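On a predicted model such as this, the values are computed, not experimentally measured, just so you know. Throughout, residue positions are numbered sequentially from 1 according to the sequence presented.
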Amino acid sequence: MISIVLATYNRPETLGVAIRSVLRQTVRDWRLLVVGDACDDRTAGVIADFADDRIAYVNLPSRCGEQAIPNSIGMALADTCLLYTSRCV
């Protein structure tokens with residue numbers, strides 16, 4: 001299994017594009033960890049619309065303002081040795 005870490009902050013349209021890209025990959029054994037940097041409810045709504053159990057969402061309680069912390073949290077939550085990190089800001 002591959003874990004994909006995607007950090008985001010209030011860009012629901014861009015997040016939807018990024019998630020669709022993951023869904024179109026030929027490798028099907030993956031888990032997408034979306035880490036929100038204190039996002040508003042639109043982010044959770046975009047993720048819920050995909051209704052895919054392989055997509056997990058963690059929203060940080062306060063804004064970090066940079067990608068290192070959200071990416072590090074996603075990597076800590078990953079349950080695989082193979083990681084791919086991306087950024088969606």
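- A distance of 11.0 Å separates CG of N71 from CG of L33, quoted to the nearest 0.5 Å.
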Trace of the side chain to side chain contact (heavy atoms under 4.5 Å, CB included) decision for T8 with V35: CA-CA 6 Å; T8 189; V35 182; over 6 Å; no
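- Here the CD1 atom belonging to I19 is positioned 5.0 Å from the CZ atom belonging to F50, to the nearest 0.5 angstrom.
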Side-chain donor-acceptor pairs under 3.5 Å in residues 57-65, sequence neighbours left out?
from: Y57; atom 1: OH; to: N59; atom 2: OD1; distance (Å): 3.3
from: N59; atom 1: OD1; to: A38; atom 2: N; distance (Å): 3.3
from: N59; atom 1: OD1; to: C39; atom 2: N; distance (Å): 2.8
from: N59; atom 1: ND2; to: C39; atom 2: O; distance (Å): 3.0
from: R63; atom 1: NH1; to: D37; atom 2: OD2; distance (Å): 2.5

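- In this structure, the side chains of L23 and R54 come closer than 4.5 Å at one or more pairs of heavy atoms.
- A pairwise comparison of heavy atoms in L6 and A18 identifies CD1-CB, 4.0 Å as the closest pair.
- Remark: D40 engages R42 in a side-chain hydrogen bond (donor to acceptor under 3.5 Å, both in side chains) (not counting sequence neighbours).
- When atom types are taken as modelled, the side chain of S21 and the backbone of V17 share no donor-acceptor pair closer than 3.5 angstrom.
- Here the closest heavy-atom approach between residue L77 and residue R31 is recorded as O-NH1, 3.3 Å.
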May I have the step-by-step check of side chain to side chain contact (heavy atoms under 4.5 Å, CB included) for I2 and D29, ending in yes or no? CA-CA 6 Å; I2 299 169; D29 190 20; over 6 Å; no
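- Side-chain atoms of Q25 never come within 3.5 Å of backbone atoms of V27 as a donor-acceptor pair (strictly under, hydrogens ignored).
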Please test I47 against L15 for side chain to side chain contact (heavy atoms under 4.5 Å, CB included), starting from the C-alpha separation and ending with a verdict. CA-CA 8 Å; I47 295 164; L15 178 61; 4.0 Å; yes
